[in-house]
Amino acid sequence: MVNQEHIRNFSIIAHIDHGKSTLADRLLEKTGLLTEREMEAQVLDNMDLERERGITIKARAVRLLYRANDGEEYVLNLIDTPGHVDFNYEVSRSLAACEGALLVVDAAQGIEAQTLANTYLAIDHDLEIMPVINKIDLPAAQPEVVIGEIENIIGIPAEDAPRISAKNGIGIESVLEQIVSLIPPPKGDAKAPLKALIFDSFYDPYKGVIIYFRVKEGTLKRGDTIRLMATEKEFEVVELGYLHPNGFLKSEALSAGEVGYLTASIKNVSDTRVGDTITLANRPADAPLSGYKQVNPMVFCGIYPADGARYDDLRDALAKLQLNDASLSYEPETSVALGFGFRCGFLGLLHMEIIQERLEREYNLDLVTTAPSVVYKIKKTNGEELWISNPTNMPSANEILYMEEPMVKADIMTPTEFVGSVMELCQDRRGVYHNMTYIDTDRAQLHYDLPLNEIIYDFFDALKSRTRGYASFDYELAGYEKSDLVKLDILLNGDMVDALSFIVHNTKSYARGRKIAEKLKAAIPRQLFEIPIQAAIGNKIIARETVKAMRKDVLAKCYGGDITRKKKLLEKQKEGKKRMRQVGSVEVPQEAFMSVLKLDE
Amino acid sequence: MNNQSNGIYIHLPFCIKKCAYCDFVSYENQVEIAAAYVDNLLLEMEQYRGEQADTVYLGGGTPTALPPHLLVRILDGVKDCFNLADDSEITVETNPGTCQKETISALKKAGANRISLGAQTFVDTELSAIGRIHTAAQIKEAVLAIRAGGIQNISLDLMFSLPGQTEESLLYSLEELIALNPNHISCYSLTLCEGTPLYEAVSLSKTEVPDEESDRAMYELICGKLKESGFDRYEISNFAKKGYESRHNTKYWIRASYIGLGAAAHSFFGGRRFENPATFSDYEKVARGEQEREGTSLTEKDAMAEFMFLGLRMIKAGVSKKAFFSCFKKELDKVYKEQIARLCRLGLLEDAGDILRLTNRGVDVSNSVFCEFV
């Protein structure tokens, strides 16, 4: 058992590409646990996809040993946090496992909205915030300006912040020293009834679910029967230990203040909810740790195999992904246009993109996805209350008393020169302005209430393009509000295409309908007959485009009796038709379903 | 031995200069090796000695790019090798500038009785835009020379949808063409084939071709004008005065057998489709019997598909359900039930009792119709 005085539990808060992973690598390297050769990759980020996107999706925890200048050896537990707003709850649980957080800020870029949001989250959890100024070697670095920013906005002293370059290994020692001197050691009674916080879990095909936890009170030993207080499941601990940068190190017991992992032949991550409290079955704690909540998917879309024959493969792939991702939900659904597929729920847009990419990349599936939707609340005239995530299930207008849509509180940080443009964007997205604060003379922070359905399509892209990539954005859910919503249907040659229906605010329905009709016109090739494309609300047509009938197809000279070539050309033409979806009498290319997702292009 | 009367196609892949749109196998500046090539043709023929035939077609390339004595050698070889019917149709392709009166009379003497001349258009700027090396005046000279040389059965090729072409200029070409009083006319919409200079020019927007609407307007103009001038449209691209339909080309549409001789020539013989290699060296090996030809036997499904997409090209005759049944012992209406219903519903096919044929609209989108059967 490690003396609590010699333990430091901390996270790193940083904006994407401000150097979190690089700093983590340096800390590992400095504490002597990793050779340069082992450092090939940034070890905290395991998945290829994450590395490519420069983000960390799953929290990990590593134990580092550091001999400080005071001559004592310290156990430093670095708990990695996801860096995206979709995983806000996971971040909050990781922070709840720490006593301190390093706030890493790029000396050239300054604080970003997301960093700020996570810093406030850390302050809410009473964490000691330790600013670190990174990338001081960049020509554009302005450490003093950034330090001023931190002091002004967050209101914590930053004059003594280590000025480092994680990339070049400058100043890493001072970071380690400050971790020891600034971040308080954990508290907690090792003899009290066990209370351990789950901050992550994932499925391992050999060991079953591996739980990452922080012991807050009491002691956990191998062989103990644990009870997970939210799911009320009980398991016997098979293996217990902590994470060495290169793998798992077994241990007999972990006590209050320590961070580690356990396995207990658990088959499903849905039993091991992030934020849940582990206690002992034979000596349970009175109450669980505060802060647990079940995370619910916020964004839904239909996912269909491009090749209907691969439905089973898609189902198996989703099941495998869900083993590791309790926040992914899916259930079978049928579309007239797309056949058999699944309605999948995600924490947010990024989460959705990650799952789609993993299905395509790791499981080699070609997918057709429908436009993402949020969950709407519907009060029917007969008093019934409905929650719908698939626009197809929306009742007809005369059955609806009113509808509500989810709202978010959004913080946007932008250079002041783009404030006008950002406000215009937010207004266009039905945003309600709250206030604006100036971070310094060059940067401002805007606060808006925005409907979630306005930001799930392309808000982030639009924001980036309006601010030349300088703005950053963060949001949190802020409940439901009544809203004047309508269902927009798309008809091809008079047949409704269920996969293209979506729910939109009444004021925007005409513009959106026109845009989609235009997009489809461009995406659907000419066919043997004229195809009207109509956007309709109920029985009312609000936009119409026409794909003209094919005028001719090539009458290639059939010369010298080369029938084989002629036949090959016909077969090729036929093959092209096969790749399309038959919707009523119309052949629709897969791309057409996706083209409606990109309305701003 | 095949009891059917075959068609014989002989490919002469020689040109003075290749046209900008051409993607057939033909080589420029190779005429000096033509004698050796003809030797190989005569060798290859031996593989079919004794077969019956009633049509012969010398195509290219430009056959008349060769010296007349070589063409005569080929025709003499054919007569010697094959069991040729007395009333055989023997066609030689030619282009303006390569068919002097003397050449034609030599060909006539050797048995040729039909000439197919590549006119394409009577507007000089359009001719040069597609890389033809002759003028409109030379087309007229060529027709006079062919007649003077003793062959009166003449087919002229016409192209439309050419760069710079308008309905007015096409009408002018049509009038000039009709004034020459040919017996047969082939009309092709310009096809841009990848790899040809014209394809490149159009993809780089250096040249523009008429759009689909103009293309169809031109086709309608041609059909109307030729009809009123007494030409019958018996196939999508072919028009003839009564009794002057090309017997050789018709063999392709009705799936009669034909023997292809020469580099890149295609055959349908003994129920198999096969082709000769395109290069001279590989062709020589085939001619000598040292190398196999590439080819496939047709499944019943293939054969039925061919029956449909080739037969439907014959606009008037169409495909006969009786003929289909006698060929496959299956009912056409049953085999292609859904396809026929759909295509009739779309107004692309006409079901006239025993005969199934393309409508005018079906002609415009014939490939999409044919697709349904492959």
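Residue numbering restarts at 1 for every chain, and letters A, B, ... go by the order of the sequence lines.
The candidate from B/V369, B/D23, B/L348, B/T296 with the greatest count of non-hydrogen atom pairs under 4.5 Å with chain A is B/D23.
Listed by chain and number, the residues in a side-chain hydrogen bond (donor to acceptor under 3.5 Å, both in side chains) with A/R551 are B/E213, B/D364 (sequence neighbours excluded).
Side-chain atoms of B/Q120 and B/D157, non-hydrogen and from C-beta on, do get closer than 4.5 Å to each other.
B/F309 touches chain A through its side chain: at least one heavy atom from C-beta onward sits under 4.5 Å away, while N, CA, C and O do not. Interface remark: B/D211 contributes no atoms to any contact with chain A (heavy atom separation under 4.5 Å). The parts of B/E372 that come within reach of chain A are both its backbone and its side chain, each placing non-hydrogen atoms under 4.5 angstrom from that chain. Neither the backbone nor the side chain of B/L298 comes within contact range of chain A, judged by heavy atoms closer than 4.5 Å.
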Residues B/H266, B/Y252; criterion ring pair (Phe, Tyr, Trp, His ring centres under 6.0 Å); working and verdict: CA-CA 11 Å; B/H266 292 258; B/Y252 299 148; 9.7 Å; no

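Within the 3.5 Å criterion, the main-chain N or O of A/S389 finds a donor-acceptor partner in the side chain of A/R343. Side chain of B/Y234 to main chain of B/S246: a donor-acceptor pair is present (N/O by atom type, distance under 3.5 Å, no hydrogens or angles).
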